[in-house]
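These values consider heavy atoms only, across backbone and side chains, with no hydrogens, waters or symmetry-generated copies. Numbered from 1 within each chain, the chains take letters A, B, ... in sequence-line order.
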There are 2 protein chains.
Amino acid sequence: MPRKAKQGMPRAATLHDVAAKVGVSAITVSRALNSPDLVSKNLREQILAIVDELGYVPNRSARTLVSSRSYTVAVLIPSLSNTVFIDTLAGISEVLDPRGYQILIGNTAYDDEKEERLLRTHLSHKPDGVLLTGIRQRPQTLAHLAKLGIPAVHMMELDPTDACLCVGFSQEAAGRQITEHLLARGYRRIAFFGARLDPRVMQRLDGYRKALQAAGCHAAELEYLNPRPSKIGLGVEMLDTLRREHPDCDAVFCCNDDLALGVLTGCQRTGIAVPAQLAVAGFNDLEGAAWATPALTSVRTPRYRVGFEAATLLLQLMEGEATPALRQLDLGFELQLRGSS
Amino acid sequence: MPRKAKQGMPRAATLHDVAAKVGVSAITVSRALNSPDLVSKNLREQILAIVDELGYVPNRSARTLVSSRSYTVAVLIPSLSNTVFIDTLAGISEVLDPRGYQILIGNTAYDDEKEERLLRTHLSHKPDGVLLTGIRQRPQTLAHLAKLGIPAVHMMELDPTDACLCVGFSQEAAGRQITEHLLARGYRRIAFFGARLDPRVMQRLDGYRKALQAAGCHAAELEYLNPRPSKIGLGVEMLDTLRREHPDCDAVFCCNDDLALGVLTGCQRTGIAVPAQLAVAGFNDLEGAAWATPALTSVRTPRYRVGFEAATLLLQLMEGEATPALRQLDLGFELQLRGSS
DNA sequence: TGCTGCAATGTTAACGTTAACAGTGGAGGG
DNA sequence: CCCTCCACTGTTAACGTTAACATTGCAGCA
């Protein structure tokens with residue numbers, strides 16, 4: 001006997017309700033909605049009319065349970081307040097939305113353990129695929145995904161060991177090239193401002209070091225690393241410290257534009273001429289960079305495309321059987337040279 | 001006979017797998033995880049050990065299907081690139097994450113129809129509750145939610161008709177007060193720069209009009225409304241137009257800080273003294289406002305708290321039975337008066 | 001001793017959908 | 001006229017979990 005429905009408890013229309021009203025079986029309604037070709041035109045139209053009338057919305061849980069396809073993709077990003085990842089998300093949505101995938105966003109807050117926990121939580125939704133930021137995940141975590149047959153694509157970095165599928169660009173090369181640009185302009189006492197200190201910032205730092213070492217200009221005391229989140233205010237602060245400790249410094253490469261805009265603000269407030277007294281370079285080329293005074297030299301990163309291509313690749317893995325030939329998709333970057341350097 | 005398992009198809013551990021290994025029934029494992037008090041300490045520990053060993057993750061679809069509780073909340077916001085809504089989301093997560101709710105983010109892109117579609121899509125996840133931005137939803141949409149027994153809370157605005165539950169502040173009052181501030185400072189030819197033109201911008205415009213009308217200073221030709229998204233670049237452009245068409249204008253109230261920062265940038269580039277020749281006020285008090293030159297007068301809006309309180313209210317509706325006494329929670333706002341005015 | 005009561009565990013069925021297979025009837029070919 | 005085949009629709013069972021009720025066994029008490 002069917003379980004007694006609680007009185008007054010509202011219930012959403014089901015396939016059976018629609019089917020009963022049309023006078024067919026539930027599976028026919030299911031087919032009318034999911035494989036329209038299998039149902040005669042006449043009947044299909046009747047069904048769609050009733051679906052509309054009853055406001056029927058399919059129950060994803062039931063579908064997921066029986067079909068072992070959830071049409072859900074888990075996306076783990078370190079922050080929602082960083083435009084970089086929002087742009088990435090936009091690229092992901094662009095690909096997955098029209099294909100009917102639901103995106104489950106996980107905000108790891110730059111915390112490896114939280115990422116681990118989030119991934120586990122998200123697994124309870126049986127995602128068909130996973131998009132991860134960076135390649136720092138524990139091997140056993142990735143192995144677990146592999147064992148479950150859930151494909152994963154890593155974004156924003158490339159993997160030198162080629163162990164995981166990556167879509168991104170070389171953070172190190174970007175850091176190196178922007179530093180080489182400063183060297184080419186004649187600056188020799190070039191500082192590095194790093195905040196947050198996530199793996200990508202550290203890779204940019206690596207690039208910075210290599211460029212300076214190659215030019216014989218590296219000076220460890222000009223590396224300013226601060227674990228706090230990157231903010232304009234922090235850039236102002238760090239500039240202050242730099243000027244006090246190393247007034248001879250002639251250029252700063254900031255690990256991102258927020259910090260760099262703070263440096264520009266600080267220069268403007270304390271009357272430091274940019275770039276005459278101090279050149280400034282940022283990273284990511286956010287909207288504000290081009291409008292700053294002077295306009296900020298930065299590295300334009302292809303984050304929208306990273307999301308787009310990563311989602312496209314994941315889609316292939318989720319739907320096709322072909323394993324991609326190219327495991328490291330390098331989308332490059334572009335120096336944006338402007339007035340600040 | 002059980003359906004034949006596909007060879008080589010990886011399968012996640014289920015309650016039964018854990019149960020079999022421990023030598024108990026599935027329901028006991030379920031209870032060990034969800035109502036630990038019902039299971040003896042000894043057995044519980046054994047079970048948890050095996051859960052860990054097998055890497056068991058509960059299947060939410062199955063749980064949702066049978067318990068009609070999904071522990072999912074749908075949140076519809078107009079944009080992810082607008083810090084305002086990211087802050088709101090942070091407030092929401094703060095409340096719902098620790099309670100085990102999964103947040104399903106829908107980006108409506110300021111499009112009422114897309115919002116409608118998104119909500120429908122999200123209904124297929126059987127959310128236990130819904131958080132909406134603004135109160136512009138079609139009555140029949142809200143009626144549909146009500147019929148399904150899904151509680152909804154509206155954010156960022158207040159409802160003069162008291163028809164829906166709202167957590168926010170009066171956008172109109174905010175627009176009025178910032179305009180009154182400009183009037184109090186002696187400005188009389190005060191322009192309005194509006195972009196995007198979503199309902200909240202129009203309410204701020206209303207407040208601006210009322211303040212000017214009350215002071216006998218309203219001039220329709222000083223209202224600049226542009227449907228494009230709000231960006232620094234647009235602010236620069238609009239300033240250009242304003243200076244060409246109404247060089248006598250002595251102040252601008254921008255519907256948000258992006259536009260206002262653009263105006264400041266434009267002034268700096270063309271040598272317009274702020275506030276001597278042109279006063280500028282923004283809205284939302286983003287990070288950049290305080291660091292601009294001169295620092296930007298703005299309206300500090302309680303968006304984090306809006307998210308926090310809206311989620312708290314929704315939680316009550318989803319879990320408790322009590323209908324809240326207060327249907328319009330006004331969190332107010334705060335003028336931040338700085339150098340630009 | 002026998003009964004009550006409760007703590008601990010088990011059995012059964014149901015949630016809403018789709019996979020897999022089973023008809024059913026009519027068109028078309030020989 | 002019969003047989004085949006295909007287009008269309010139906011039946012059954014299963015997905016993994018929990019609600020609801022059932023059972024077991026032992027402590028406590030008269």
Side-chain angles (χ1 to χ4, degrees), chain A residues 1-6 9-20 22-47 51 54-72 100 123-126 128 148, chain B residues 1-6 9-20 22-47 51 54 56-72 123-126 128 148:
Chain A
M1 192 198 292
R3 195 186 297 176
K4 200 166 114 197
K6 278 182 203 146
M9 196 56 178
R11 231 204 57 217
T14 70
L15 268 186
H16 280 93
D17 298 333
V18 177
V22 181
V24 295
S25 71
I27 190 72
T28 303
V29 178
S30 170
R31 284 200 271 249
L33 295 172
N34 301 315
S35 340
D37 304 336
L38 295 180
V39 177
S40 69
K41 184 162 169 260
N42 195 332
L43 187 51
R44 194 195 324 145
E45 282 166 1
Q46 271 181 67
I47 291 175
V51 160
L54 295 185
Y56 168 73
V57 177
N59 183 327
R60 276 206 186 224
S61 298
R63 179 199 304 233
T64 299
L65 189 56
V66 76
S67 70
S68 58
R69 285 287 272 130
S70 64
Y71 282 90
T72 291
L123 281 186
S124 70
H125 286 98
K126 303 279 153 196
D128 295 333
L148 292 176
Chain B
M1 193 197 292
R3 196 186 298 176
K4 198 167 116 196
K6 278 182 203 147
M9 194 59 177
R11 232 204 57 216
T14 69
L15 269 186
H16 281 94
D17 299 333
V18 177
V22 180
V24 295
S25 71
I27 191 73
T28 303
V29 179
S30 169
R31 285 199 270 249
L33 295 171
N34 303 313
S35 341
D37 304 337
L38 294 180
V39 176
S40 69
K41 184 161 169 264
N42 195 331
L43 187 51
R44 195 195 322 147
E45 280 165 3
Q46 272 182 67
I47 290 176
V51 160
L54 296 185
Y56 167 74
V57 177
N59 184 327
R60 275 204 187 224
S61 298
R63 179 200 300 236
T64 298
L65 190 56
V66 74
S67 71
S68 57
R69 284 287 272 131
S70 63
Y71 282 90
T72 290
L123 280 186
S124 70
H125 285 96
K126 304 280 153 195
D128 295 333
L148 292 176

Have a look at the helix from C:dT1-D:dA30 to C:dG30-D:dC1 and give the angle its two end axes make, five pairs each, rounded to 10 degrees.
->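 It comes to 50° between the two terminal axes.
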Using atom [atom1] of [X] as one end and atom [atom2] of [N] as the other, report the distance to the nearest whole Å.
X        : N      : atom1 : atom2 : value
B:Arg11  : D:dA14 : CZ    : P     : 14 Å
A:Lys126 : C:dT17 : NZ    : C1'   : 17 Å
B:Arg60  : C:dT17 : CZ    : P     : 20 Å
B:Asn59  : D:dC15 : CG    : P     : 12 Å
A:His16  : C:dT17 : NE2   : P     : 8 Å
B:Gln46  : C:dA8  : CD    : C1'   : 14 Å
A:Tyr71  : C:dT17 : OH    : P     : 16 Å
B:Arg69  : D:dG16 : CZ    : P     : 24 Å

For DNA chain D, determine which residues of residues 23-39 of chain A have any heavy atom closer than 4.0 angstrom to one of its atoms, and list them numerically.
->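 Contacts with DNA chain D under 4.0 Å: A:Val24, A:Ser25, A:Ile27, A:Thr28, A:Arg31, A:Asp37, A:Leu38, A:Val39.
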Applying the side-chain contact (heavy atoms from CB on, under 4.5 Å) test to A:Val29, which of A:Thr14, A:Leu43, A:Val18 qualifies?
->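 Single side-chain contact (heavy atoms from CB on, under 4.5 Å) partner of A:Val29 among A:Thr14, A:Leu43, A:Val18: A:Val18.
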Considering all heavy atoms of both residues, which atom of B:Ala32 and which atom of B:Val39 are nearest to each other, and what is their separation?
->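 Smallest interatomic distance, heavy atoms only, reads N-CG2, 3.6 Å.
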Return the minimal non-hydrogen interatomic distance between A:Pro36 and A:Arg44, and the atom names on each side.
->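 Nearest pair, atom of A:Pro36 first, then A:Arg44: O-NE, 3.3 Å.
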A:Ser40 side chain near D:dA7 phosphate (N/O to OP1/OP2, under 4.0 Å) |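 It does not, given that no N or O in the side chain of A:Ser40 lies less than 4.0 Å from OP1 or OP2 of D:dA7.
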Set of residues satisfying side chain to side chain donor-acceptor pair (under 3.5 Å) with respect to A:Thr28, sequence neighbours excluded =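 For A:Thr28 the side chain to side chain donor-acceptor pair (under 3.5 Å) partners, ignoring immediate neighbours, are A:Ser25.
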If you only use heavy atoms from C-beta on, which nucleotide in [options] is closest to the side chain of [X]?
X       : options                : value
A:Arg63 : C:dT18, D:dT17, C:dG16 : C:dT18
A:Ser67 : C:dG16, D:dT17, C:dT18 : C:dT18
A:Leu65 : C:dA14, C:dT9, D:dC15  : D:dC15

Using a 3.5 Å distance criterion without hydrogens, assess whether the side chain of [X] forms a donor-acceptor pair with backbone atoms of [Y].
X       : Y       : answer
A:Ser61 : B:Leu65 : no
A:Thr64 : A:Arg60 : yes
B:Ser30 : B:Ala26 : no

Please test A:Lys126 against A:Thr72 for side chain to side chain contact (heavy atoms under 4.5 Å, CB included), starting from the C-alpha separation and ending with a verdict.
-> CA-CA 8 Å; A:Lys126 303 279 153 196; A:Thr72 291; over 6 Å; no
Output, in order, the C-alpha distance, side-chain angles, deciding distance and verdict of side chain to side chain contact (heavy atoms under 4.5 Å, CB included) for A:Asn34 and A:Arg63.
-> CA-CA 11 Å; A:Asn34 301 315; A:Arg63 179 199 304 233; 3.9 Å; yes
